[in-house]
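Index from 1, following the sequence.
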Amino acid sequence: MSKQTYRICCFQRKFKLKEAEAPDEIKDLFERFSENGIMTAEHLCKFLKDVQSEENVTKEEAETVMESALKLVHEHLNIVFHRKGLNLDGFFRYLFSDLNVSISTDKKVHHDMTAPLSHYFIYTSHNTYLTGNQLNSDCSDVPIIKALQQGVRVIELDMWPNSSKDNVDILHGGTLTPPVELIQCLKSIKEHAFVASEYPVIITLEDHLTPDLQAKAAEMVTQVFGDILFTCGAECLSEFPSPESLKGRIIISTKPPKEYLESKKLSEKDNGSQKGKKSSEEKAWGAEISDLSQKMIAYSENKDNGECQDDEADSHHENPNIQQNIAPEYKHLIAIQAGKSKGPTSEWLTVDPIKVKRISLNEEKLINVALNHGKDLIRFTQRNLLRVYPKGMRVDSSNYNPLIGWMHGAQMVAFNMQGHGRPLWLMQGMFKANGGCGYVKKPELLLKTDANNEVHDPKRLLSVKTTLKVKVYMGKGWHLDFKRTHFDAYSPPDFYVKIGIAGVPADSRVKKTKAIEDNWIPTWNDEFEFPLTVPELALLRVEVHEYDMSEIDDFGGQTCIPVSELRTGIRAVPIYNEKGEKYPSVKLLMRFEFVK
């Protein structure tokens, strides 16, 4: 036990910094699964089966875990440890360690990867080459490399002629973003494409090139990627290949090339622009995740037109003469053709039985289509790809609630990866699933048809499938990762936890623990229940706040976990910073249980 001193004017306040102590429930469990104060490998095996629901664990596996736990205790305490088993302190350290985290860390892909690409959610970035905001930040291959290292599988490049019209640059058209050369981006993609995942990388191209520069771009793509470039040979695919069959391959996706315009103006009309005064919490944390049902109702009141205009690249009018002069080598590269979404929605949402395509909608147009054609969207995305991207007013590279896309089957929910905030935490959480490979199999709910060839109706309220029970015991590690006065200049922090579900509207809710005053190692022992109608789409949100009576609550960390990947029982939950980087020491100790 040590002491911390805080100074207020001429006075000093002293606080005891206690060692982390196991909660009473943990002590009781140790008593139950130990003998004479020692937990052996045999006791541990029974604990793993009875409490952690690891029914198939063997005694040999339990012995391996015990060896690792004993080694961990020895490293922390730097003493000769009891080789027969764990005492209470050792058991408590094991529970809080990386040996016992809430989601598997073995990076093992466990979903069926042999279905068509349209059956998966795919980790997708928007304007991947930008280092910051959408108006004047640098264009670079650095954010592309970072995205690929994080497991992102869809990279977006906007191709424009350079200033001398003899080469291809990547930049955000109609803005002040300094360009980066296409060739540099392509080389970096090749070098880093399969560092985090062996599954295919899709490059979506927004094309503003003349035919001669299309031919030059095609030459660069072909030379850089060589044999790993996937081309289908046919004019259009009749069905998308599987991620398994495309391991280690690069895929090009774009629209049939369009006329090059000298510039592109930001002309998108947007009643939902991010103007106005932000709440104190929004300034510190980013906007709260929007309530999907309320958002859709509000949008329906403002929009009375059920039709949809084409996506971002379709502000460029087609020139039939240029279309006829498309460079054939460029056209040959396009494996996933992007179609148009102009005109009556019912027309472009019609499922073609002999060919597949990709269409793109911005976040607000998606809401419009979802309101009026929700079931059609789900049927369309069973065979075809749907890409959703941020509205044009998000010049600060902020993001939107990705659940609206996922619950309607959209595979490519494209996000700005340059910033941080709650929506991006959800995106990072979703793709922790399936070993972090960047492909997550969609729930059967979105893939099946019934006996009458009907698909799931996303507006229909489903019955509760399971209930997730969560207990938040305690947290520790902040005093190791933060300065003494980081949260409060005059006293230790007052931590509380917000915990909730992001999912379909019926499942989404947020609750919170009580605040524990003046304590670096808070113990809450608070329990919560979350009824889930679609657990396959549910993400567990955890945020730690430091309560401040007079100012904005401080950020104490966050994590987001796919409910389908949760390991039940008592688990250590690593906590991450605003950028999604794991803190070295901060963890929560929690318990998870599913009940029917």
- Taking NZ, NE, NH1 and NH2 as the nitrogens, is one of them in Lys355 or Glu239 under 4.0 Å from a carboxylate oxygen of the other? no
- Task: Kindly indicate whether the side chain of Phe240, heavy atoms from C-beta on, has any atom under 4.5 Å from the side chain of Arg383.
- Result: no
- How many angstroms lie between atom CG of Asp169 and atom CE of Met159, to the nearest 0.5 angstrom? 11.5 Å
- Message: Could you tell me if Thr533 and Asp507 have a donor-acceptor pair between their side chains, going purely by distance under 3.5 Å?
- Response: yes
- Message: Looking at Asn384 and Phe380, would you say the former's side chain and the latter's main chain have a donor-acceptor pair under 3.5 Å?
- Response: yes
- For atom NZ of Lys375, is the number of surrounding heavy atoms from other residues, nucleotides or ligands below 6.0 Å larger than 12? yes
- Would you find a donor on one side and an acceptor on the other, under 3.5 Å apart, between the side chain of Asn162 and the backbone of Lys165? yes
- Item | Asn577, Ile575, Val573, Val544 screened by side chain to side chain contact (heavy atoms under 4.5 Å, CB included) with Val586, the one that passes | Ile575
- Query: How about Lys247: does its NZ atom have over 12 heavy atoms from other parts shown lying under 6.0 Å from it?
  - Reply: yes
- Message: How about CG on Asp166, more than 12 heavy atoms from neighbouring residues, nucleotides or ligands closer than 6.0 Å, or not?
- Response: yes
- Message: Between Ser140 and Asp138, do the side chains contain a donor N or O and an acceptor N or O under 3.5 Å apart?
- Response: no
- Message: Working to the nearest 0.5 angstrom, can you tell me the gap between Glu543 CD and Lys498 NZ?
- Response: 5.5 Å
- Could you tell me the separation between the OG1 atom of Thr124 and the CE atom of Met412, rounded to the nearest 0.5 Å? 5.5 Å
- Message: Are the side chains of Met417 and Val152 in contact, using a 4.5 Å heavy-atom criterion?
- Response: yes
- Side-chain touch Phe431/Leu426, heavy atoms, less than 4.5 angstrom: no
- Message: Using only atom types and a distance under 3.5 Å, with no angle test, would you say the side chain of Lys432 pairs donor to acceptor with the backbone of Cys560?
- Response: yes
- Query: Do side-chain atoms of Gln337 reach the backbone of Lys357 as a donor and acceptor pair under 3.5 angstrom?
  - Reply: no
- Could you walk me through whether Leu246 and Leu117 pass the side-chain contact (heavy atoms from CB on, under 4.5 Å) test, one step at a time? CA-CA 10 Å; Leu246 293 169; Leu117 286 175; 4.0 Å; yes
- Just by distance, do the side chain of Lys190 and the backbone of Val224 share a donor-acceptor pair under 3.5 Å? yes
- Looking only at non-hydrogen atoms, find the nearest pair between Asp112 and Thr114 and report the distance. OD1-OG1, 2.6 Å
- Task: Kindly indicate, with the supporting measurements, whether the criterion side-chain contact (heavy atoms from CB on, under 4.5 Å) is fulfilled by Tyr120 and Val440.
- Result: CA-CA 5 Å; Tyr120 300 86; Val440 174; over 6 Å; no
- Spacing of Leu237 atom CG and Cys232 atom SG [to the nearest 0.5 Å]: 4.0 Å
- Query: So, Tyr576 and Gln428: side-chain donor and acceptor under 3.5 Å apart, yes or no?
  - Reply: no
- Query: Does the side chain of Lys146 come under 3.5 Å of the side chain of Ser125 through a donor N or O and an acceptor N or O?
  - Reply: no
- Message: Quick check: closest heavy atoms across Ser118 and Gln382, and the distance to 0.1 Å?
- Response: OG-O, 3.1 Å
- Message: Main chain of Asp141, side chain of Ser188: is a donor-acceptor contact present, judged purely on distance under 3.5 Å?
- Response: no
- Option among Asn416, Asn399, Thr204 that satisfies the side-chain hydrogen bond (donor to acceptor under 3.5 Å, both in side chains) test with His126: Asn416
- Task: Provide the closest heavy-atom pair for Ala193 versus Ile250 in the form atom of the first, atom of the second, distance.
- Result: CB-CD1, 4.1 Å
- Task: Say whether, by atom type as modelled, one donor and one acceptor occur between the side chain of Tyr439 and the main chain of Asn434 under 3.5 angstrom.
- Result: no
- Message: Between Asp376 and Arg379 (side chain of the first, backbone of the second, donor and acceptor by atom type, cut-off under 3.5 Å), is there such a pair?
- Response: no
- Task: May I ask you to decide if Leu205's main-chain N or O and Thr254's side chain share a donor-acceptor pair within less than 3.5 Å?
- Result: yes
- Task: To the nearest 0.5 Å, tell me how far Leu537 CG sits from Trp406 CH2.
- Result: 9.0 Å
- Between His110 and Glu565, does any side-chain donor sit less than 3.5 Å from a side-chain acceptor? yes
- Does the separation of the ring centres of Phe415 and Tyr389 fall below 6.0 angstrom? no
- Item | Which atom of Ile203 lies closest to which atom of Leu157, heavy atoms considered | CG2-CD1, 4.0 Å
- May I ask you to decide if Asn127's main-chain N or O and Glu156's side chain share a donor-acceptor pair within less than 3.5 Å? yes
- Message: Which heavy atom of Ala410 sits nearest to which heavy atom of Leu386, and what is that distance?
- Response: CB-CD2, 3.8 Å
- For the student: nearest non-hydrogen atoms of Arg249 and Phe230, plus distance: NH2-CA, 3.5 Å
- Contacts of type side chain to side chain contact (heavy atoms under 4.5 Å, CB included), residue Ser245, not counting sequence neighbours: Pro241, Ser242
- Message: In terms of relative ring orientation, are Phe555 and Tyr583 parallel, tilted or perpendicular, with 30° and 60° separating the classes?
- Response: tilted
